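Worksheet: one structure, shown below.
Since the structure is predicted, the reported quantities are computational estimates derived from the model, not experimental observations. Below, chains carry the letters A, B, ... as their sequence lines are ordered, and counting in each starts from 1.
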Protein chains: 4
Amino acid sequence: MPRAVREQQMMDAAVQTFGRLGYRAASMDEIAELAGVSKPLVYLYLNSKEELFTACIRREGAALVAAVRDGVEDVRAEEPADRQLWAGLTAFFAHTAEHPDGWSVLHHQARTHGEPFAGEVARTRAELTAFVTDLIGAAGREAHPTPEFGDRDVTGLAQALVGAAESLAGWANETPGVSAKEAAATLMNFAWAGLGNLMAGKRWSPAR
Amino acid sequence: MPRAVREQQMMDAAVQTFGRLGYRAASMDEIAELAGVSKPLVYLYLNSKEELFTACIRREGAALVAAVRDGVEDVRAEEPADRQLWAGLTAFFAHTAEHPDGWSVLHHQARTHGEPFAGEVARTRAELTAFVTDLIGAAGREAHPTPEFGDRDVTGLAQALVGAAESLAGWANETPGVSAKEAAATLMNFAWAGLGNLMAGKRWSPAR
Amino acid sequence: MPRAVREQQMMDAAVQTFGRLGYRAASMDEIAELAGVSKPLVYLYLNSKEELFTACIRREGAALVAAVRDGVEDVRAEEPADRQLWAGLTAFFAHTAEHPDGWSVLHHQARTHGEPFAGEVARTRAELTAFVTDLIGAAGREAHPTPEFGDRDVTGLAQALVGAAESLAGWANETPGVSAKEAAATLMNFAWAGLGNLMAGKRWSPAR
Amino acid sequence: MPRAVREQQMMDAAVQTFGRLGYRAASMDEIAELAGVSKPLVYLYLNSKEELFTACIRREGAALVAAVRDGVEDVRAEEPADRQLWAGLTAFFAHTAEHPDGWSVLHHQARTHGEPFAGEVARTRAELTAFVTDLIGAAGREAHPTPEFGDRDVTGLAQALVGAAESLAGWANETPGVSAKEAAATLMNFAWAGLGNLMAGKRWSPAR
DNA sequence: TATGAATGAGCTTTCATTCAT
DNA sequence: TATGAATGAAAGCTCATTCAT
């Protein structure tokens with residue numbers, strides 16, 4: 001059996017184990033057994049538990065980003081910004097629902113174990129946030145050549161949107177009968193009007 | 001030194017250690033040393049690592065809920081719904097910024113280690129979500145006697161709002177110079193218009 | 001409460017705990033709690049776990065020897081040897097049945113933990129064996145001025161008799177409906193004819 | 001070194017350590033060191049202290065039963081009952097003298113630590129008692145077609161005989177110069193006449 | 001390429017014992 | 001006389017990692 005295939009099998013087992021038990025509770029014994037190979041082979045290919053976990057984070061992060069990009073790519077250019085955002089969100093919810101263990105690795109496990117894992121997953125998150133920032137920013141500039149909101153506002157909004165999406169992903173996975181489309185619709189309902197207002201320069205302010 | 005005081009010292013040390021390293025990586029040795037006591041004393045008072053962690057989750061969860069309630073209580077009744085939400089969010093961001101380790105325990109660590117911890121923190125989250133649901137629901141019913149959106153919509157929105165808030169808490173903590181008020185304002189800008197639209201029965205829909 | 005009484009309470013608790021759990025598994029915490037006093041008081045009175053256990057062995061050993069002696073004393077002198085043995089055995093079985101924890105301490109626990117405990121209980125056993133040896137020996141010499149069996153034979157027989165009695169004590173305690181008298185009768189049936197033969201100089205021999 | 005060999009080495013060390021110190025006082029560290037391996041290897045092969053102790057009880061119990069059976073087998077059929085009993089007793093005393101630690105595990109240690117150990121050793125004892133019961137019972141029925149003593153009598157006698165043998169095993173081990181044959185002869189002298197009487201329907205009775 | 005055999009280091013937990021009051 | 005507070009030391013067990021083959 002070729003090395004590349006074996007490696008993927010090991011990482012499948014690792015993602016499942018890490019996703020369900022967490023980094024510390026997952027044991028290399030368990031991963032090796034689930035992968036159907038001996039432990040020394042895991043070390044031969046992946047070097048250490050730390051490197052194995054890092055590889056998992058990278059693979060799952062890249063897959064998620066790719067899924068979102070592909071979802072948007074399908075409608076890009078000829079469609080308005082809200083449709084692009086909708087496409088991205090739908091792809092996001094569909095992917096996380098289909099890969100719950102991978103999503104757990106990214107969202108839950110990798111962020112709770114300090115460096116270098118948190119940094120690794122932060123890169124993935126930054127990619128997604130930048131992607132959303134671009135989408136929102138482009139739409140905003142397009143609609144209002146002299147926007148009143150700056151980069152930090154946009155970043156904060158993208159952060160909030162991504163955060164809301166991440167949270168909804170957990171909610172959708174745990175609530176039976178909530179589909180990716182429904183989750184995406186909930187988020188669009190929640191977000192789009194607010195984003196529209198902001199792009200139009202209207203803000204909510206604590207002063208009455 | 002009286003038992004009650006020592007117990008709080010131990011829990012302070014435990015929250016800090018669990019919050020920074022995670023449940024598994026935190027060792028009772030480390031916690032005891034940080035608390036300035038011997039390990040057997042920690043066991044004498046808190047019984048086990050599991051019970052200690054549970055006690056931390058409960059204490060930090062109760063403190064967060066109390067902070068939010070107190071923040072809203074200050075403006076309750078004489079103020080409209082958006083002001084109440086604003087007050088709650090500000091209190092939330094202020095509290096999480098002041099207690100980053102406690103927030104890490106609740107948001108990151110407790111949710112990644114299965115039962116009984118996940119259930120414990122879920123109760124805290126449910127309290128907050130219910131609180132927000134009430135606020136949104138009351139505002140919605142007030143504005144529109146016959147609302148077109150049902151309970152599940154409201155729950156989904158509250159989920160998204162709480163999720164966005166949780167995510168922004170991380171962002172605010174990690175980004176220097178972002179205050180609790182600023183984070184709350186970002187979220188209000190993001191959320192309020194959307195909620196207003198929804199309460200008015202206007203929805204975003206994928207169909208053009 | 002006078003010291004002597006407290007001390008007996010502690011030893012009662014200790015005998016019960018040691019008897020049921022064994023020396024190592026019994027904890028001073030448990031004993032103190034069962035005795036209704038604080039742990040330091042146990043140490044103040046009994047000094048250490050080792051001394052406490054030794055004191056238990058001595059007390060229970062002395063009580064058993066006294067019970068057997070008293071049983072025989074009641075019939076001594078005016079009765080033949082078999083009646084005396086019967087009285088002693090009955091007293092032995094009655095006492096062990098009434099004090100199962102004390103018996104467990106002597107028979108099971110003290111003998112399995114090396115010096116100085118084994119030596120302590122060996123003294124009690126030696127007293128009983130010597131007592132039985134006297135009884136058998138006197139009867140034998142009385143019946144046959146020139147016995148063909150020497151001291152070592154008598155010691156071996158006493159050993160076997162005491163061993164059989166100890167073993168039957170366990171059996172009688174664990175088998176519902178077996179009384180002290182029944183156990184004693186079983187042993188007399190088993191032993192007396194053999195002893196009689198030996199006193200008469202008749203032996204069983206492997207040679208045909 | 002192959003696993004099966006290492007396992008026996010570990011069990012040898014365990015029997016020695018358990019036999020001399022008792023279950024609780026024996027530490028896995030000590031056993032591992034005596035076996036010349038690291039502690040994790042002991043756990044890898046034997047799983048836990050409890051399972052290791054159970055394995056020791058089983059191995060030593062099986063060896064003892066086999067020794068007695070083999071001893072009797074050598075004379076079976078062509079010999080009368082007393083010769084068979086004699087052969088069994090001799091084998092028993094020889095085996096316990098040659099394996100004092102194993103005998104200590106069975107007779108002392110395993111019986112003082114509750115379930116599941118007591119049950120485990122009870123099975124071995126039941127095998128031996130059943131064996132002796134058969135021997136006595138067969139001899140009795142052969143001699144007296146209508147015996148006056150029932151099953152419980154026979155069981156009690158077998159119990160007393162086995163108990164006496166067990167006790168003598170300790171005595172023989174601790175008394176220099178007492179051979180297996182001598183111990184067996186003492187017990188036969190003690191027991192055979194009594195058994196003969198009982199088989200003949202003659203009993204000792206407390207009434208004069 | 002692949003593995004059976006093996007371990008150093010570290011973890012949670014318990015317990016006999018003491019001190020200050 | 002009596003105890004609440006506290007700990008040094010050690011035990012059972014697990015795990016990431018390596019080596020000889």
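Residue Tyr43(D) is the one, among Tyr43(D) and Asn47(A), whose nearest nucleotide of DNA chain F lies closer to the 5' end (criterion: closest heavy atom). Residue whose closest nucleotide on DNA chain F sits further toward the 5' end, between Arg24(D) and Arg24(B): Arg24(D).
Listed nucleotides: dG8(E), dT12(E), dT14(E). Nearest to the side chain of Pro40(D): dG8(E). Side-chain proximity of Met28(B) to the nucleotides dT12(E), dA2(E), dA5(F) is greatest for dT12(E). Side-chain proximity of Ser27(C) to dC15(E), dT17(E), dA5(F): nearest is dC15(E). Of the candidates dA5(F), dA6(E), dA16(E), the closest approach to any side-chain atom of Lys49(C) belongs to dA16(E). Closest to the side chain of Val37(C), out of dT17(F), dT3(F), dA10(F), is dT3(F). Candidate nucleotides dT7(E), dG10(E), dT17(F) were compared by shortest atom distance to the side chain of Ser38(D), and dT7(E) ranks first. Checking dA6(E), dT17(F), dT3(E) against the side-chain heavy atoms of Ser48(A) singles out dT17(F) as nearest. Side-chain proximity of Tyr45(C) to the nucleotides dT1(F), dT1(E), dT7(E) is greatest for dT1(F).
Between the CG atom of Leu21(D) and the C1' atom of dA10(F) there is a distance of 15 Å, given to the nearest Å. The separation between Leu41(D) atom CG and dG4(E) atom C1' is 11 Å, rounded to whole Å. In this entry the distance linking CD of Glu30(D) with P of dA11(F) reads 8 Å, nearest Å. What separates CG of Asp29(C) from P of dT18(E) is a distance of 15 Å, to the nearest Å. When rounded to the nearest whole Å, the span between CE of Met1(D) and P of dC19(F) equals 20 Å. In this structure, Arg6(D) places its CZ atom 12 Å from C1' of dT7(E), rounding to the nearest Å. Taking atom CG on Leu44(D) and atom C1' on dT7(E), their separation rounds to 11 Å, with Å as the unit.
The NE2 atom of His107(A) sits 6.5 Å away from atom CZ of Arg111(B), with the distance rounded to the nearest 0.5 Å.
The shortest heavy-atom contact between Gly19(B) and Ser104(B) is O-OG, 2.6 Å. Closest non-hydrogen pair, Met28(D) versus Val42(D), comes out as CE-CG1, 3.9 Å.
When heavy atoms are screened at a 4.0 angstrom cut-off, Ala32(A) is found touching no nucleic acid atom at all. Nucleic acid contact for Ala25(D): none, since no nucleic acid atom lies under 4.0 Å from a heavy atom of the residue.
Across all strands shown, dA2(E) is found opposite dT21(F) as a Watson-Crick or G-U wobble partner, with both distances under 3.5 Å. Of the nucleotides present, dA16(E) is the one that pairs with dT7(F) by Watson-Crick or G-U wobble criteria, both distances under 3.5 Å.
Between Leu64(B) and Trp103(B) there is a side-chain heavy-atom pair separated by less than 4.5 Å. Contact of the Glu166(D) side chain with the Glu166(C) side chain is not registered, since no non-hydrogen atoms from C-beta on lie closer than 4.5 Å. At least one side-chain heavy atom of Phe53(D) sits under 4.5 Å from a side-chain heavy atom of Val105(D).
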